[in-house]
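Letters A, B, ... are given to chains in the order of the sequence lines, protein chains preceding strands, and every chain is numbered from 1.
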Amino acid sequence: MEVKQFVGGIHVPHHKSFSEHKAIKEASVPAEIIIPLVQHTGVPNQPLVNVGDRVKAGQLIGATDKFVSAPVHASLSGTVTAVERRLCFTGEMVQSVVISVDRDQDKLELADVDLDKVTREEAIKAVREAGVVGMGGAAFPTAVKLSPPPDKKIDALLINGCECEPFLTCDHRIMVEQPEKLLRGVRLLMDILGVKHAYVCVEDNKPDAIEALRQKNKDPQIVLVKLPTKYPQGSEKHLVKAVLDREIPSGGLPFDVGTLIQNVGTCVAVYEAVKHRRPLIDRVVTVTGQNVRDPQNLLVKIGTPLSHLIAECGGIMQQPAKVVVGGPMTGKAQQTLEAPVVKGTTGVVVLPPDLALEDMDYRACVSCCRCVEHCPVMIYPNQISIYCEAGLVREAAYWNTMDCIECGICAYVCPSKRPIVQWVQLTKPLIRQLESERK
Amino acid sequence: MSTTEKLVFSSSPHLKDKVSVPSAMRDVFIALMPVTAAAIYFFRLYAVFTIAVALITAVLTELLFSRLMGKKHSLYDWSALLTGLFVALLFPATAAWWTVAIATFIAVGIAKELMGGLGWNLFNPALFGRVAVILLAPWLAYVSGWFAPLAPNLGPVDTLTQATPLAMLQSGSADLPSLGRLFVGFPAGALSEVSPLLVLIGAAYLFYRGHINWRIPASILGTVMVLSAILGHNPVYQICTGGIMIGAFFMATDWVTSPFTGRGKLIFGAAIGVLIVVFRFGLAPTEGVAFSILIMNAFVPLINRKTTHPQFGHVRKAVAVE
Ligand code: SF4
Ligand code: SF4
């Protein structure tokens, strides 16, 4: 299929070879799991269990009646030892249920539903009850996404298998190893949305994934799209632009152009949720980097501490290291390894000392324009950096700071090593505040 | 599992490109080496002496101003040295050394450091220093009297007093060098004017390293060629004289003092081209390039503001659903 190139973007070294050919392996059971009550974008859940309670794997332990949310489940059987605030990978303290895990685990009981008999409403309800969220990192509740406002008609479903962040290979492995489940999930989503076209989008640096999907795909309404490898190809705006040549308006969402985007991992989770009524209690996490002894793609129970995962992969080789949750362009560096894997955790990247950069001394902008040339949303990061640094919120808003997708390209290419993304993240809330005051 | 891992914390992105300001400045320094070598070949010790004076003054000025302004010196970013080299290359080999020193002092101290350091300067520091001593010439002539006994004798070089091709063109001199000779190497004028070919080789290196963009040089050279052809001059001969090459590829492309928008770069270059032609055929024949670039430097903020491109998703409304 013919695709369009977008303006800007860069070729970052992929670093995928550490784990791209390693089959998904089930991680061992940790002694303790920590399940944050909010793992999604939206309203936090209330705990449904108390200290001392016995919980079973798959049991609902946190929920709320608010619409924009996703419930959480115990991922393993055990005893609740605490319901308290624990460190999350974002650096925040989040109310969490801590479970001391039983040594012997029962097998999860699964239903087997006839997909032909499921109505649209039942399917959405199943997705909601399973706590499915976007698994590409954004963690937006999937059931909410599947219920767009009635005035927004959706005619195309995009499945995001780009995985454009360096190092990460979890989506890649899902496409290679579970193409059938994935494609069934896509069909299910199409039926829920009532759309006739789905596009499974994969960057051309994953030929084995494309081949696996091609062999299994019998559905003429599902189109495989091979996209050029370029960061940030997997960004929603750029994916829609490349595949459908539609431009999501500034400040808008994909459904403003009749489009809905789901990550490949989410499709599998949706299939499991509707077909087997299986809650989202595990996910594939890539543990990788030059500085971890045995990089792996692991099937991990939600709530597993990062320290357990890294130990499972042979540990960190050289100190000081940098441990990043998510991809290296947009992920979060960790100060300790306490934080647990959540539904949106795509990978854990362990960087060696020479790449474990601290925030460097930065210089004034020398106006080299590298950031301007490469910014994928065509804003002016140089101006934004100057005004955000100076705390001039109005000027920062004028230069379209709100359009920034925080892809990290500007800071990556900047010869003055300016921490532009950090400034943008600090300034965006101030702009929002300014705008709400103006209203 | 031990919790005593030594972990480095910072904000995203966690990968960074290798290019840094010092490495880029060093690349420009390297790109100037071919033409510098040619100048030394033609003018021998005179060129060496001029360059040495400028480099030493640049370092001392940087140290002085960073001390005065109470901040860490930025010698390691190469920008002071680079400015020094640029200043030297803008002078003819016969220039009095104290003039070169004063120009360098103004370039590094006033045009760069006092403006807030690299990144905040409005004018190209080297050109600013060069033009300042031209404008200050009446006073400097007075000072020259004191310094004259300090002028070193570096031996005879016959090419030193050669008239520049530009001056020959104006006076209709018969000794005009052939275009080929002019392009490859002809010892006259400022140090950087001796060989357009070697300037281009340096510029090619900068393109290869991704430090300069085609827009500014192309629009300057294009405009000068078209206008001089209209005025009845040989366009290729024109761009090989009077420092247009070094101006178009090295001075006007200075990151800090050129526009950051694509369209702005074209407008900036074209305007410089027009000014060069006006200076050359209308006003004084020398240093027209330096004046043209400096004048346009002053307009960069305005050009930037008027030529920005819209952001992704701007104006275009939601497309109709088929
Ligand atoms: S982080 Fe924002 S400003 Fe920087 S390149 Fe990406 S979108 Fe542009
Ligand atoms: S990359 Fe850095 S130095 Fe260059 S224009 Fe952008 S902010 Fe300025």
Side chain from CB out, backbone as N, CA, C, O: work out which of these in [X] comes under 4.5 Å of a heavy atom of chain B, or both, or neither.
{"X": "C375(A)", "answer": "neither"}
{"X": "C365(A)", "answer": "backbone"}
{"X": "Q383(A)", "answer": "side chain"}
{"X": "V7(A)", "answer": "neither"}
{"X": "T330(A)", "answer": "backbone"}
{"X": "V324(A)", "answer": "side chain"}
{"X": "P166(A)", "answer": "side chain"}
{"X": "I409(A)", "answer": "neither"}

Mind checking whether [X] and [Y] have side chains closer than 4.5 Å, heavy atoms only?
{"X": "L260(A)", "Y": "F255(A)", "answer": "no"}
{"X": "I272(B)", "Y": "F268(B)", "answer": "yes"}
{"X": "M69(B)", "Y": "L114(B)", "answer": "yes"}
{"X": "H73(B)", "Y": "R67(B)", "answer": "no"}
{"X": "F207(B)", "Y": "F249(B)", "answer": "yes"}

Original post:
Are F312(B) and H238(A) near enough that their ring centres are under 6.0 Å apart?
Top reply: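 Yes, the ring centres sit under 6.0 Å apart.
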- Query: Is the W423(A)-Y362(A) ring centre distance short of 6.0 angstrom?
  - Reply: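 W423(A) vs Y362(A): aromatic centres under 6.0 Å.
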Item to check | side chain to side chain contact (heavy atoms under 4.5 Å, CB included), paired with V199(B), selected from L89(B), I244(B), V35(B) | outcome: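 It is V35(B); the other options fail the test.
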Who wins among [options] for the most heavy-atom pairs under 4.5 Å with chain B?
{"options": "G327(A), A333(A), G252(A)", "result": "A333(A)"}
{"options": "V323(A), I386(A), I10(A), N382(A)", "result": "N382(A)"}
{"options": "G251(A), C369(A), A321(A)", "result": "A321(A)"}
{"options": "V366(A), L351(A), V350(A)", "result": "V366(A)"}
{"options": "G408(A), P320(A), A364(A), P328(A)", "result": "P328(A)"}
{"options": "N400(A), L355(A), V421(A)", "result": "N400(A)"}

side-chain hydrogen bond (donor to acceptor under 3.5 Å, both in side chains) partners of R418(A), counting only residues at least two apart: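 Partners of R418(A) under the side-chain hydrogen bond (donor to acceptor under 3.5 Å, both in side chains) test: S385(A), E389(A).
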Q. What residues of residues 255-265 of chain B sit under 4.5 Å from chain A when you count only heavy atoms?
A.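 From residues 255-265 of chain B, the residues near chain A are W255(B), V256(B), S258(B), P259(B), F260(B), T261(B), K265(B).
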*What part of N121(B) is in contact with chain A, defined as an atom under 4.5 angstrom from a non-hydrogen atom: side chain, backbone, both or neither?*
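Answer is neither: N121(B) stays 4.5 Å or more from chain A.
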**Study point:** From CA spacing to verdict: ring-ring contact (aromatic ring centres under 6.0 Å, His included), F105(B), F65(B)
**Key:** CA-CA 10 Å; F105(B) 177 81; F65(B) 273 79; 5.7 Å; yes
State, without any angle test, whether [X] and [Y] hold a side-chain donor-acceptor pair at a distance under 3.5 Å.
{"X": "K112(B)", "Y": "S79(B)", "result": "yes"}
{"X": "K417(A)", "Y": "S20(B)", "result": "no"}
{"X": "H15(A)", "Y": "T288(A)", "result": "no"}

